[in-house]
J.: 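So that we are looking at the same thing, I have put the structure below in structure tokens.
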Amino acid sequence: MIREENTRKRLFIISVIVCFVTILIYEMLTPMLMDDMSYGKQVQEAGSFLGLFAQEHHQYMTWTGRSVAHLMLRIFMYIDMHTLGGRVFFNIVAAAVFTALTLLIYRNANSNIRYDVGAYLLGVLLIWLFAVSFGQTILWETGACNYLFTTTIVMAMVTVYRNVYDKCQTEGGEDKSKKALSCIGMFLLGVVSGWCNENTSGGLLLLMIIIAVYYKKLYAFAASAIAGTIVGLGFMVLAPGNSIRSQYMEEAHTGLLGMAARFLKITLVLKEEFMVLLIIIAVLFLLLKLQGKEFKDLKAMILFVFIFFATSYSLILTVTPQERAFFGAGIFLIVAIVQGYCRISTGEADNTVADGNADKSEKTVLLQTVKYGTVVAMAIYMLFTYIESGANLARIYREEQNRYSYLEEQAAAGAEDVEIPMLSDQFYTKYTSAYTCDVSDDWTNWNNKMIAEYYGFKTVLGVDPDTEE
């Protein structure tokens, strides 16, 4: 048993290292895109580190309340600009945060097996294969700060909150010697996690309240965490800039009809983005019930599935955003799937032992093959996808760098109107947002205007790469 656990431990550590390295490579192959340019220009004009806070305060008052996300973005850009340049520092931190998110998902799976490599890899693969708008939420710098980083903060709070609650239930109460420190820490973490992302932070708040109601006991640390989350969420949603920004968002319908239209749009997004995951979770529930699992065994899964739907449909309260706003909800659903995977009983406990060897039944062998084989199959598929998409990312990165070099030359030469080739469609992969923000043949397009403003041109026009001379 000890030797088996040591083997699992080594494999687990190797899996975590591979997770970090693979996402780091993709981060390094992602160039500056979209809002990175406008925020980068602002950071250049900040003048000092403290100037970043003044800029964020101005944005809070005039555009959006997501101050935690955008302050992180400004700090990363500032550090990169004053050290190695490019995105070097950000890439390393982003890879570490992504890896931390996978570990938090694993920690919330509550596997009965120590160093459960299968469960950890399942969480990693589900993110790679099914995370919403992977290129925009994990690789694009501005998007990563708004979604990857904030969701990881939220999941950190979820993990700490659940673990401390379970510990209090087991030990019969809180540790009085650490009560004050725990309350302060949970309140501060609550403020930060509540100030992360509107619907994801809202889902966190709902989850914490449900756990407190379920246990019929509100500990001091829990009250502090909930209070801090409410404060942080309040600062974010009540930002003066939100009302100004909403004036630029229009919908075809208002009132109840508008709410119904949003409900339909959200439902269609769930169909497009989460159909496979929803089928998986439904099959897992069916299998576990057939195996005789009770509510206490499934309560965590039910909770996270409920929070997934609540987080998704809470967007009905605002103008329906882009699909990337569902990233945090998707992570909650992935947690539920990994939890279900860990609850599957393969019948190993029923094996008889003869002559020192376990005599496995056909049922046990079949269940083990399906359970572990699923992860292996996903890993093989992801390996080929990773290589193919990585090659395309490298090609896109090369094209983007060539364009940026050309634009810098033209800016230095004093050009006012510039033409650059659009990206070639043959390199498309879902692991980049470069195509979403590519220039077009309309110089009034917001992508064109953003690039023009960054380099100081009057206009930037995209031309067909196949017809460019």
J.: Y147 vs S133, test: side chain to side chain donor-acceptor pair (under 3.5 Å). Steps then yes/no.
T.: CA-CA 10 Å; Y147 299 100; S133 303; over 6 Å; no

J.: Kindly state each residue pair satisfying side-chain hydrogen bond (donor to acceptor under 3.5 Å, both in side chains) with at least one member in residues 268-278, sequence neighbours excluded.
T.: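 Listed by first then second residue: nothing to list.
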
J.: Applying side-chain contact (heavy atoms from CB on, under 4.5 Å) between F304 and each of V338, L207, L333, report the one that passes.
T.: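 Testing each of V338, L207, L333 against F304, the sole residue satisfying side-chain contact (heavy atoms from CB on, under 4.5 Å) is L207.
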
J.: Nearest heavy-atom pair of S345 and L367: which atoms, and what distance?
T.: O-CD1, 3.5 Å

J.: By side chain to side chain donor-acceptor pair (under 3.5 Å), which residues pair with T429, not counting sequence neighbours?
T.: S389

J.: Parallel, tilted or perpendicular: which one describes the rings of F149 and F90, with boundaries at 30° and 60°?
T.: parallel

J.: Can you see whether Y341 engages S111 through a side-chain donor-acceptor pair at a distance of less than 3.5 angstrom?
T.: no

J.: Can you sort out the partners of R66 under salt bridge (charged side-chain N to carboxylate O under 4.0 Å, His left out), two or more places apart, ordered by chain and number?
T.: E198

J.: What pairs of residues pass the side-chain hydrogen bond (donor to acceptor under 3.5 Å, both in side chains) test when at least one of them lies in residues 30-40, not counting sequence neighbours?
T.: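 Qualifying pairs: D36-W140, D36-T142, Y39-Q59, Y39-H70.
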
J.: Mind checking side chain to side chain donor-acceptor pair (under 3.5 Å) for T102 and listing every partner two or more places apart, or none if nothing turns up?
T.: Y120

J.: For residues 162-173, which residue pairs pass the side-chain hydrogen bond (donor to acceptor under 3.5 Å, both in side chains) check, not counting sequence neighbours?
T.: N108-R162, N110-R162, D166-Y215, Q169-Y219

J.: Does K9 pair with E5 as a salt bridge, N-O distance under 4.0 Å?
T.: no

J.: Which pair of non-hydrogen atoms, one from I210 and one from F306, has the smallest distance, and what is that distance?
T.: CD1-CE2, 3.6 Å

J.: Indicate the atoms forming the closest heavy-atom contact of S201 with V154, along with that distance.
T.: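 Minimum heavy-atom contact is OG-CG2, 4.2 Å.
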
J.: Considering non-hydrogen atoms only, spot the tightest contact between Q136 and T436 and give its length.
T.: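 Closest heavy-atom pair between Q136 and T436: NE2-OG1, 3.5 Å.
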
J.: Using ring-ring contact (aromatic ring centres under 6.0 Å, His included) as the criterion, point out the one residue from F134, Y386, F98, F20 that pairs with Y26.
T.: Y386

